[in-house]
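The structure appears below as structure tokens.
Just so it is clear, the model here is predicted, and its values are computed rather than measured. Worth knowing before you read on, the calculation uses all heavy atoms, side chains too, and leaves out hydrogens, waters and symmetry mates. Throughout, residue positions are numbered sequentially from 1 according to the sequence presented. Both counts, for ligands and for their atoms, begin at 1 and track the order of listing.
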Amino acid sequence: MDRSDAGRRDFRPGRLSRKNHRRRQMRMAPDLRRVLGIEIPILSSPLGGASGPELVAAVSNAGGYGVIPLWGDPADKVRDGIRRTRELTNRNFAVNLNMSLDYREALQTCIEERVHAVSFFWGHDAGAIATAKEADLVVLSSVGSAAEARMAQEAGADIIVAQGYEAGGHVWGQVSTMALIPAVSDAVDVPILAAGGIADGRGMAAAMMLGAAGVWVGTRFLASHEAEMHETFRARVIAATETDTEWHAELYDGHWPKAPHRTLKNPTSEAWRDAGRPPPGDRPGENEVIGTRPGGAEILRYEC
Ligand SMILES: Cc1cc2nc3c(=O)[nH]c(=O)nc-3n(C[C@H](O)[C@H](O)[C@H](O)COP(=O)(O)O)c2cc1C
């Protein structure tokens, strides 16, 4: 047998050596659907400013699992977000908290309200995971590498969210979803959710072939009626093609500096590029008011 034949035999689908088969059996991850109490392994990811109680409840009611971002809010607003979601669904959902901000009061509120799960993103804090586990909450931990996934599993996370570089919004890691999911899948024994660039059944099937137990879908849900979105933005998301996004290390840094993000290309980023990519303080139109939020608060250019 020459070398090419040997290679072909090793890669024949469906054939595992007895040793590998035993190893795979020993490492069987807990079933994602059982851990979350769901029928369909699709989660609507937290979308700051866009996924409120309506979207989260609609996804959970449909048999998936909604995740509501309630970070940066005082305890009474966190409690209100949880209760408003509960008015719309009696199914499970998770609360998303940002590890780069002080999350302790919000986590305590989640524990008091006995939410089903918390989702931690933007950093690793073993203490937060331990606190949530002691209170019997399911813990989802977002990571951008296999090493971070191992740390989260060791700290007690029940589910790993592996977020690839394709992801919309703030992007923690720099590894593509295609490369990240198999690496994380080899690194941990808990169920993995694939995030980044998944928008339909084809993407979901591909992610599951790579080792994910389910998917964590963001941008696709921005297009849904239940998302709290301005119609112009919704239309732009729907019309966008695969070449219409761009990644920036810190362009939209108002409110949250030094947090890389993927956005749609737009006149603000074009003007900034045309001006030679100046640093914060020297950017075109800085501090200009470009709109208002539903409550009336002004939105400044470069705010995220
Ligand atoms: C508008 C928007 C807001 C987001 N806000 C959050 C957030 O508050 N918390 C979080 O963990 N992830 C946030 N993300 C990231 C998503 O949870 C998810 O990882 C990402 O959308 C997955 O990639 P996809 O958009 O290609 O589906 C946001 C994404 C978008 C598009």
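In summary, the atoms of ligand 1 found under 4.0 Å from a heavy atom of Trp216, numbered by their order in the structure, are 17 (O), 18 (C), 19 (O). The ligand atoms of ligand 1 that sit less than 4.0 angstrom from a heavy atom of Asn96 are 7 (C), 8 (O), 9 (N), 10 (C), 11 (O). Below 4.0 Å from some heavy atom of Gly196 lie the following atoms of ligand 1, by number and element: 22 (C), 23 (O), 26 (O). Near Ser45, with a cut-off below 4.0 Å to any heavy atom, the atoms of ligand 1 are 16 (C), 17 (O), 18 (C), 21 (O). With ligand atoms numbered from 1 in the order given, ligand 1 contributes 15 (C), 19 (O) to contacts under 4.0 Å with heavy atoms of Gln163.
Under a hydrophobic-cluster definition in which Ile, Leu, Val, Met, Phe, Trp and Tyr are linked whenever side-chain heavy atoms come within less than 4.5 Å, directly or via other members, Trp216 and Met204 are assigned to different clusters. Linking Ile, Leu, Val, Met, Phe, Trp and Tyr whenever their side-chain heavy atoms come within less than 4.5 Å leaves Ile198 and Val161 in two separate clusters.
A side-chain donor from one of Glu246 and Ser269 sits under 3.5 Å from a side-chain acceptor of the other. Between the side chains of His230 and Thr232, at least one donor N or O lies within less than 3.5 Å of an accepting N or O. The closest side-chain donor-acceptor pair between Glu250 and His248, if any, does not fall under 3.5 angstrom. Counting only N and O atoms by type, the side chains of Gln163 and Ser142 include no donor and acceptor under 3.5 Å apart. Between the side chains of Asn287 and Tyr302, no donor N or O sits under 3.5 Å from an acceptor N or O. Looking at Gln174 and Trp247, their side chains never bring a donor and an acceptor atom within 3.5 Å of each other.
At a 3.5 angstrom cut-off on N or O pairs, Val217 does not count as close to ligand 1. Residue Trp71 has at least one nitrogen or oxygen atom sitting less than 3.5 Å from a nitrogen or oxygen atom of ligand 1, judged on distance alone.
For atom 21 (O) of ligand 1, the closest non-hydrogen atom on the protein side is Gly218 CA, 3.4 Å. Among protein heavy atoms, atom 26 (O) of ligand 1 sits closest to Gly197 N, 2.7 Å. If you check which protein heavy atom lies closest to atom 5 (N) of ligand 1, you get Gly48 N, 2.8 Å. In terms of protein heavy atoms, atom 2 (C) of ligand 1 is closest to Leu47 CD2, 3.7 Å. Among all non-hydrogen protein atoms, the one lying nearest atom 25 (O) of ligand 1 is Thr219 OG1, 2.5 Å.
Of the candidates Pro46, Ser44, Gly169, it is Pro46 that places a heavy atom closest to atom 13 (C) of ligand 1. For atom 15 (C) of ligand 1, the nearest non-hydrogen atom from the set Ala167, Gly168, Gly49, Pro69 belongs to Gly168.
Checked for salt-bridge contact, Glu39 and Arg91 meet the test: a charged N lies under 4.0 Å from a carboxylate O.
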